[in-house]
There are 2 protein chains.
Amino acid sequence: MRVKEGNKEKDIVEAAVDIFAKHGFHKAKISQIAEQAGVATGSVYLYFKNKDDILIKIYNSLWEKLYNELLTVTRNEALSPIEKIDAMIDLIFDMFTENPSVTIVFVNEQENMNRVSGDKYSLFYEKFLDEGEKVIKEGISSGMFNKNIDLKIFRHFIFGSIRNLLHQWAITPDKLPLNKIRHNFKFLIKHGIMK
Amino acid sequence: MRVKEGNKEKDIVEAAVDIFAKHGFHKAKISQIAEQAGVATGSVYLYFKNKDDILIKIYNSLWEKLYNELLTVTRNEALSPIEKIDAMIDLIFDMFTENPSVTIVFVNEQENMNRVSGDKYSLFYEKFLDEGEKVIKEGISSGMFNKNIDLKIFRHFIFGSIRNLLHQWAITPDKLPLNKIRHNFKFLIKHGIMK
DNA sequence: ATTAATAATGAATGATAATTCAAAAATAAA
DNA sequence: TTTATTTTTGAATTATCATTCATTATTAAT
């Protein structure tokens, strides 16, 4: 019997990330993804139920990875709350540094993923932020962080700003060095703009 | 001769905002927009070149309004830099408070608008941020703001955070009062999270 | 070698929905 | 009234792809 050669599923995902980043999910054609992955159009459907399924699998693996790394940070009792915040920011930046296309898809297709995945997307998002929120709570009880800040507001604040910065970086990676962005970002989150 | 009755263009735009917010630009059907606007499908094409054109006109008018209001703030010499920042934040919040659907479209369809409008979207975005940046510069020269903050980074930081907060509010307007969000937001921008 | 699976292909199918346009409706002017 | 002009209609046209599936290719086992 014939046997699978190479890793077509991986090839397809990688091509899809590229094409989704370039044209957006809705304008991306399965035939083009297949071509770039070096397989026939129909083969895509041997590995994925449909077009939505490709997007879902991309997000699942990203969130999975993000969440697992987050846990290693939040569970590290050697770190102070502020060190944990830094480590969390690093984790997100590191995750996306490798690949601007992945970043663009993650940032741009959130809404499509949301629509396509039932409530899977928002579950990931909330679970991640819930875990991160624990760190903020620690920081407040330890007296390091300002206790008047609403936790729900802060989580959307920080996620929105990081998302937009990564996006802008990913569009033109050479315009601003990611390390400078990261450094400024950490400062702004901690101290804001006023002296 | 027959004469135009009512304001069909406005009816279509309002319906489109609603439908775009509910289903997203690509899943939104012209026939459904027409139905909700109380006109025939074909009539949409008397007022708009095509579907893209509807989105473009929505954004144009939003950015136009945002930019004009920004100018009245930045040109007001009676205000200190920090008062201007507050006024700028108020202006954006006020703009979107009225209508969650407009907010959702503005936030979600940015990328489609970008693809569809040539570089019109990014011109608006940059023009707006350039004008806002002047205020930050004033704040730095007057010694109020921290001079180590990169202006390009700050603009994407603040825009991303405000965008996400408005989005989360618009999805479930009753979950968090917008005034509380606004208040926390102003504080975080100025002082960050640390005591 | 031959067979029996399984993998892979890509042209054909089908569904969807944007856009067009010939016909109908409305009304200002004659 | 009738006419001329402009607006509106919505069914027909058209374009675009996602998805399917009959066919072909490949190779492990016999």
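No hydrogens, no waters, no symmetry mates; every other heavy atom, side chains included, goes into these values. What you see is a predicted model, and the numbers here were worked out from it, not measured in a lab. Chain identifiers are assigned alphabetically (A, B, ...) following the order of the sequence lines, protein sequences preceding nucleic acid strands; residue numbering begins at 1 within each chain.
Ionic pairing of A:Asp53 and A:Lys57 is present here: one or more N-O contacts between side-chain nitrogen and carboxylate oxygen are shorter than 4.0 angstrom. For the pair B:Asp94 and B:Arg182, the salt-bridge criterion is met [side-chain N within less than 4.0 Å of a carboxylate O]. A:Lys152 has no carboxylate O lying under 4.0 Å from a charged side-chain N of A:Glu126, or vice versa, which leaves the two without a salt bridge.
Residue B:Ile58 is grouped with residue B:Ile56 when hydrophobic side chains (ILVMFWY) are merged at heavy-atom distances under 4.5 angstrom, including chains of intermediate members. Residues A:Ile158 and A:Tyr125 are members of one and the same hydrophobic cluster, defined by side-chain heavy-atom contacts under 4.5 angstrom among Ile, Leu, Val, Met, Phe, Trp and Tyr. Linking ILVMFWY side-chain heavy atoms closer than 4.5 Å, directly or via other members, places B:Val73 and B:Phe159 in a single hydrophobic cluster.
Within a 6.0 Å radius of NE2 in A:His183, other residues, nucleotides and ligands contribute 12 heavy atoms or fewer.
For the pairing with A:Phe20, the ring-ring contact (aromatic ring centres under 6.0 Å, His included) check across A:Tyr59, A:Phe25, A:Phe106 returns one residue only, A:Phe25.
Of all the heavy atoms in B:Ala21 and B:Ser101, the pair that sits closest is CB-O, 3.7 Å.
Comparing B:Ser43 and A:Leu46 by the nucleotide of DNA chain C whose heavy atom lies nearest to each, the residue mapping closer to the 5' end is A:Leu46.
In the region residues 15-41 of chain B, proximity to DNA chain D at under 4.0 angstrom, judged on heavy atoms, holds for B:Val39, B:Ala40. Of the residues in residues 7-14 of chain A, those lying under 4.0 Å from DNA chain C by heavy-atom distance are A:Lys8.
You can see that DNA chain D meets the heavy atoms of chain B within a 4.0 Å-exclusive cut from D:dA4 to D:dG10, reading 5' to 3'.
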Could you run through nucleotides 25-30 of chain C and give me one letter per nucleotide, 5' to 3': B if any protein heavy atom sits under 4.0 Å from the base, S if only the sugar-phosphate is that close, - if neither? BBBB--
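Applying the salt bridge (charged side-chain N to carboxylate O under 4.0 Å, His left out) rule to A:Lys10 yields the partners A:Glu14; only residues at least two apart in sequence or on another chain are considered.
Pairs engaging residues 63-79 of chain B under the side chain to side chain donor-acceptor pair (under 3.5 Å) rule: B:Thr74-B:Glu131 [sequence neighbours left out].
Taking the six-membered ring where tryptophan is involved, the planes of A:His191 and A:Phe187 are tilted, since the angle between them lies from 30° to 60°.
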Would B:Asn7 and B:Tyr47 satisfy side chain to side chain contact (heavy atoms under 4.5 Å, CB included), going step by step from the backbone distance to the final call? CA-CA 11 Å; B:Asn7 190 340; B:Tyr47 294 90; over 6 Å; no
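Between C:dA8 and A:Tyr45, no contact under 4.0 Å exists linking OP1 or OP2 to a side-chain N or O.
When heavy atoms are screened at a 4.0 angstrom cut-off, B:Phe48 is found touching no nucleic acid atom at all.
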